[in-house]
Structure formats: structure tokens, C-alpha cells
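Below is one structure; the comments refer to it alone.
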Number of protein chains: 4
Amino acid sequence: MSATERPHTGRKRNELVRSAILDGALRLLAGAEGGAVTVDAIAREAGVGKQTIYRWWPSKGAVLLDALTDRAEESVPPPDSGSLGADLAAVVTATFAAAQHPQTAPALRTLVREAANDPQLAELMQEFTGARRAALQQVLARGRERGELPDDADLDLIVDQVYGVFWYRFLLGHAPLTRDVAERLARGLVG
Amino acid sequence: MSATERPHTGRKRNELVRSAILDGALRLLAGAEGGAVTVDAIAREAGVGKQTIYRWWPSKGAVLLDALTDRAEESVPPPDSGSLGADLAAVVTATFAAAQHPQTAPALRTLVREAANDPQLAELMQEFTGARRAALQQVLARGRERGELPDDADLDLIVDQVYGVFWYRFLLGHAPLTRDVAERLARGLVG
Amino acid sequence: MSATERPHTGRKRNELVRSAILDGALRLLAGAEGGAVTVDAIAREAGVGKQTIYRWWPSKGAVLLDALTDRAEESVPPPDSGSLGADLAAVVTATFAAAQHPQTAPALRTLVREAANDPQLAELMQEFTGARRAALQQVLARGRERGELPDDADLDLIVDQVYGVFWYRFLLGHAPLTRDVAERLARGLVG
Amino acid sequence: MSATERPHTGRKRNELVRSAILDGALRLLAGAEGGAVTVDAIAREAGVGKQTIYRWWPSKGAVLLDALTDRAEESVPPPDSGSLGADLAAVVTATFAAAQHPQTAPALRTLVREAANDPQLAELMQEFTGARRAALQQVLARGRERGELPDDADLDLIVDQVYGVFWYRFLLGHAPLTRDVAERLARGLVG
DNA sequence: ATTTAATCGAGACGGTACGTCATGTCTTCGG
DNA sequence: CCGAAGACATGACGTACCGTCTCGATTAAAT
């Protein structure tokens, strides 16, 4: 979408511009694989002035995070099937699967790369991952209440084993994140 | 160490220069915490020309990794006490402890940050982490041979749970990496 | 041996680059008439990095001034024919003619434009114009010694009438700077 | 003067806004001396929207010129004492004196600086200075009719010597613009 | 009395140029 | 040939103004 087709909204923030930027960012993230996700590039891709980006996001990474979360996240509620094993397997499987999406994966990797040198973005990602951890912990807490886990089980540790394995493999890529692995991991943790 | 105090060795490679560079890199990695581990900065810190760095290392990251591994690692052999639980606990505890060292921690974190945007370095770190994984897997394999693990145990997954938790907590810092956690983790995995 | 006494060992300044920049600047000044004498444009035109320009000149205008003076000025000595009238006419005529040169004129105008918003450059131009004034005053002083001007003649004022008329007409362009005008002006001042 | 204290006049042009803008512009012109006479700055200073400025003036420079001329100039008629020498001296002295005014001088200098990069404003200033030249020429023409100047005197050149000296010294500041200088200049031109 | 039309403050927007920073290569000179 | 110093091309960065646009309010003139 070019700038010429996009009407100005005057002194109000233009939502079309917002999504044009996020779209452009996603296109670059998904496409370029490893390179050239420049602020200038995003601006050009979206038909937007650089200043407009800096006006609304503190850093390039914030744009990327926004681009990823804005659409992908409709705040899926954690499953509650009554069985801890099933719930855990569901969450882990879903997590693994979501990151495999051919458009999401490169974007996510770029995002992490950006976060590494951008404290602003790092903090934003902390919030994001914190929410994920909290959701998973809730699932575990329900299971513990039902007696499916010992009372002294270290829920934080279990959560971190899940996300630890996920990120470790996702970023290093030395081993797969298949559905099979997900189920085996879940079983190992609460079996 | 300034350049003026260091004698030239003529056409042979000067070992003093090598360590001056690695020292300088370490000082920057440990000190600046968040900022500016530039090639120029390393060169200045070491009293060295930039070209000298590029002559011997393929990228900035390679220098950093070299700086970290050159000294800290005298290739500790994996423990072999005869008990899988004890061995695993020992490895995990040692891993957690090593990263806590007040000089190592910030350097390691910076290293990861650099690796995120430097494919050269990323590959080097893969080798490094690969070696660690292999060592741990060897411990587990010995235990499985002794019957301390079922024959169909997914050793790779267990290894990745250890290092996954480690890196996840180390980088995000949302939860501790104490000896207690290490032991609980080990017990959970092979108990 | 202190740092100041230490001979330079670094790479030498590349004279070709210097002249490439000045040439490029001149080409832009002469060509584009009024527009787009950007630092980026100069750099592109000269096949040079922007940083290289900023390394050697404090501002864009300084480059332009350098470009103009570097070549045009072989420090012409003021004429000394023995007759004040003839000398003055010669200087004024030469000044008028020099600025009419089809390549110099637009460059000079751009230079003034730049100086208006660049104190650095303004000072440089002061030096330049100061030297011109001094040269003319020397001519007048010689004439006064020979009795061709009264002892109480205000030489500064005469000089400023010459250069005042010159710049006033050159910049506003409301009246010509012909040889005829030059001679009439000279005659009016010392006739 | 802030916007809140200023009543709206509805669909009629608000004269208070006009003067608020001109006042703000003058304050910036006189005050900052060297910096930042931005359109945004004028708008902020006057408590006015940018569009309001662009609605009534074609360019920033036009505002500045308006600000200067609107108040200072009540179109003083050229003197006509019957003596050319006296009239000329009066005009020159008045011109020199006017520009010395502590509030006018910096504003005038800034105005010229702006004009250097604003063709719109440059043209407006041409009109302004043209009027001044015409006024002075009228004085000279009257004197020539009375026989106080030779029939072939180049009036334009005399005029430009006056204003040339004035602007040259005013802008460069290398020599004063005192009453004494004014009288000597006038005497030299028509004496 | 109601509509219509213009002013005005505010500020988002697409651009252009700025001056700085880091990278990795290349060049010079002294040991 | 090594090593220190640093020039150089490249390209991204984040900022400053520009001039245009649209909003929502206010008020005067036209209906």
C-alpha cells in the first residue's frame, strides 16, 4: 500500500499508517531471512517517513515485536481439559507448532537478534515471555491442586524446562521441535 | 598494557600481542556491561592496531569467544562417579556455578549478544555448546548402559532440558541458578 | 618521547581523495545552479564516504570555500604600475571579471548562502575577504604616499566602497558588474 | 501571549493572531541571534498552529520580513532640504543609525541569513531594498537637476556605493557604521 | 434559527538532509 | 613479515525542519 492511496487523518494517529508499518516490517522479517531489516527499509516498504516510526515506537525492535504480537496473539486461553498431562502436552505442542510457521520463524529469530542489542526491546520481550510463563504455570497449578503433581513440585522449574528447551532448540537449531518431542517432553515432566 | 611497553618481535607472531588483545576484550566484556564492545574499542584497549585483530581472528565475535574460552576452559573431563544421579548433579551444579562467576557472567551475556548479530560467532558458539552437550550426553549414556535410565530414554532431550533451563534463566534472569535448583533439576530428570 | 614528538605512522592522507572531493563539489556548485549541494551528493559525486568529508572539513561550506580558493587563487599580487588610478581600475576590473566567470558565479553565490547559516564558514570567508581588502588597501596606501590621495583619505572606506558595490550587485543582481562600471567606480573614488 | 488568552474571532481573520505571530517572530529573531528560527518555533512562541502561519504567509521568510517592516517602517519620505550634500548625509546617517538599533540589528542579520536560503524571501527583500534605492536615487536626481551633480553622473552607482558600504560593513562587522563614517561617505560621493 | 463556511490550535504525516558511528579493508612506516 | 596508526567506502542510525493535511472547536455570515 503506497502513501498516495492512504488518506491523512489529520492530527489523530492514522491507524492505516500503523498497520502499514507493521505489515511492512513483517514482510521484511519474513522475507529477508537474515538481512537488512533496517528502519529505513521498513519506512520505504510501508511508504512512510522514518520519523513516523520513531514517533510511535522506541526502537526498531519494538516495531518488530509489535508486528509479531499484534496479529498472532489473540490471547489464547490456556487449555483446561481436566487432565494435567493433556493440558501440558497441548500447550507445549501448540508452542512448538506456532514457532514453526514459515512466516513466524524467521521473524521470531530476527526479533531475538534485535533484542540482544536493544534493552528497550529486551524488556518488552520479557513481558511477553513472562505472560507465557504465567499461563503455563497456571495450568500446572491447577494440576497440582487436583493432586496430579506433588505439593512440593517446583512449578517454575517445570515451566522453564519447557520454554528453555523450546528457545534453546529454536535458536540453535541443532535438534527438532516436533510434535513427538513435545509430547515426550510433557510426559517426562508430569508423568 | 600500552603499545610502547611491548617489544616488537619482528616477523614472528607476537604472543604478547595476542594476550593483550584477549585481555582487552575481556576487560571490555566484563566492564562495560551494556556498551560498545567495538573492534576499535578492543584495539584501543589493547594498544593494538585494528588490522592485527583482523589478521588473526575472522570476526569480532571470534575474539570474544577466544577470550572467554582461552582461559576459563581447561577442558574439564565429565565426572564419572559410577552414579548417574551424582554425575548429573555435579555437571549441572558446575555449569550453574561457572556462569555465576562475577567476571564471567557479564562477559558471557555480552558474548551471546554479539553472537546474535554475528553468524561467524554464532557458529563458533555452536561448536562450543555442542561440545558441552556431547560431554553431558556421554554421562547420560554411561548411566543408561548401567541401567539407570530406560533404554528408550531421549538423551538429547534431557541434555537440552539442562542447557535450556540454564541459558533461559541465565539470559532472562527471571529466576535463580542456585545449587539447590541444580540438584532439583538433576533429580527430576533422572530420578 | 611524548606523543607529540612521535612521528606519524598511520596511513597518509590521500591527496587524490582530497581533489576528488573538491572537484565533485565544484561540479555540483557549477552544475546544479541552486539546488542539491548536499554533503551526500558531494560524497556520491566524488565516490567518497561522507565520513571522509567530515574528517577533513568542519562543514559543507568549508569544502566549498576550499574548492573555490584552492584552484582559483594563485595569490595574484596587487598591481603596481606607478599610477593609483590605473592600479585601482585594474583591481576592480579584475574583481568584477573574476566573479562573472560562468563557473565561479553560481559557486560563489552558493558559498555565500552556506556561509549565512554556518558560522564556521563565515569566519573562513572573513579571512578570505580580509585578505582581499588588505591587498586593495596596500595599493591605496602606495598611492597616498605618492601624493595621489590626500593624507587624511579614509582608505578603509574607499576599500569598502569597492567591495561593497561588488557584493551588493553580485548578490542582488539588480545592476551589472561590467568593465565600464568598474572604471567609472575607480575614477570616482580616486579621481 | 498564549492561545488561551486570545479569543476566537470565528470565521473572520483574527488580527490578534497576526500580531502574535509577528511578535513571536521578532522575539526569536532578536533573541536567539544565531539559532533556530524555525517555523515550528515561531508557531510555538506565538501559541499558534503552523497552518495558521502558512495560511497567511508564503514562507517563513515572508513572516520575518513582515515582522521587521510592519512596525519599523512608516515610509519616511526622503529629505528635501534644497542641498544635495545635506540630503544625502541625512539619508546615509539615518540608514546607518536605524540598523544600529539594538533590537533591529540582530533581527536584520537573521533576516539576511534566512533570505540566503529562501528565494521567496530574497525576492521580498529585493522589493524592500529596491524601494530604498529608488528613494535615494530620487534625492540624487533632484540634486542633479539643480546642477549639484554633473549631467552624466551614474546615479545608480552612487546609490549602490551607499548601500554597498552599508550592507558590507553591517554583515561583516569589520568596520563601524558611525555618523562620522556616514558623513565622510556622503561628502566623498557628492563633494 | 439553522445551516454553512472560515479561522484557529494541534499535531500526524511523507520527505530530505543532517552529522555520527561501526565495520572491514587498505596503506604507510618503523622495528 | 609483524605490528601501530589511521584513512577510507559503506551503510544504518536517530534528529531536525519542511510544507501539507485533517481534526475538532469556535464563531460569523448566509439562509
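Each chain gets a letter, A, B and so on, in the order the sequences are listed, and its residues count up from 1.
- Judged purely by atom type and a 3.5 angstrom limit, A:Asn14 uses its side chain to pair as donor or acceptor with the backbone of A:Pro7.
- Contact between B:Leu68 and B:Ala107 at its shortest, heavy atoms only, is CD2-CB, 3.9 Å.
- Residue D:Trp56 places no side-chain N or O under 4.0 Å from the OP1 or OP2 atom of E:dT7.
- Between A:Lys12 and F:dT22 there is no side-chain N or O to OP1 or OP2 distance below 4.0 Å.
- Comparing B:Val17 and D:Lys60 by the nucleotide of DNA chain F whose heavy atom lies nearest to each, the residue mapping closer to the 5' end is B:Val17.
- Where B:Val39 and B:Gln51 meet DNA chain E, the nucleotide closest to each residue was compared, and B:Val39 sits on the side nearer the 5' end.
- Listed pair C:Thr52 / F:dA9 meets the phosphate criterion, a side-chain N or O lying under 4.0 Å from OP1 or OP2.
- Checking E:dA10, F:dC8, E:dT23 against the side-chain heavy atoms of B:Asp40 singles out E:dT23 as nearest.
- The distance from atom CH2 of A:Trp57 to atom C1' of F:dG14 is 16 Å, rounded to the nearest whole Å.
- With the nearest nucleotide of DNA chain F identified for both D:His8 and C:Asn14, C:Asn14 has the one nearer the 5' end.
- Remark: P of E:dA22 and CD of B:Glu114 are 11 Å apart, rounded to the nearest angstrom.
- The CZ atom of A:Arg55 sits 12 Å away from the C1' atom of F:dC17 (whole-angstrom rounding).
- When all heavy atoms of C:Ala25 and C:Val63 are compared, the closest pair comes out as CB-CG1, 4.1 Å.
- A:Lys50 comes within contact range of at least one nucleobase, with a heavy-atom separation under 4.0 Å.
- Taking atom CZ on C:Arg18 and atom C1' on F:dC8, their separation rounds to 17 Å, with Å as the unit.
- OP1 and OP2 of E:dA12 both lie 4.0 Å or more from every side-chain N or O belonging to A:Thr9.
- A:Arg13 places no side-chain N or O within 3.5 Å of a backbone atom of A:Trp56 that could act as its donor or acceptor partner.
- With rounding to whole Å, B:Leu121 atom CG is found 12 Å from E:dG24 atom P.
- Of the candidates E:dG19, F:dC21, F:dC8, E:dG19 carries the atom nearest the C:Tyr54 side chain, counting heavy atoms from C-beta on.
- Rounded to whole Å, atom P of F:dG19 lies 12 Å from atom CG of D:Asn117.
- With A:Lys60 contributing its side chain and A:Val37 its backbone, the two residues share a donor-acceptor pair below 3.5 Å.
- Taking atom CZ of D:Arg13 as the reference point, atom P of F:dA29 lies 16 Å away to the nearest angstrom.
- Toward the 5′ end of DNA chain E lies the nearest nucleotide of D:Gly49, the other residue of the pair D:Gly49 and B:Ala41 mapping further downstream.
- Nearest to the side chain of C:Arg11, among E:dC18, F:dA4, F:dG6, sits F:dG6.
- One interatomic measurement links the two molecules: CZ of A:Arg6 to P of E:dA12, which rounds to 16 Å at whole-angstrom precision.
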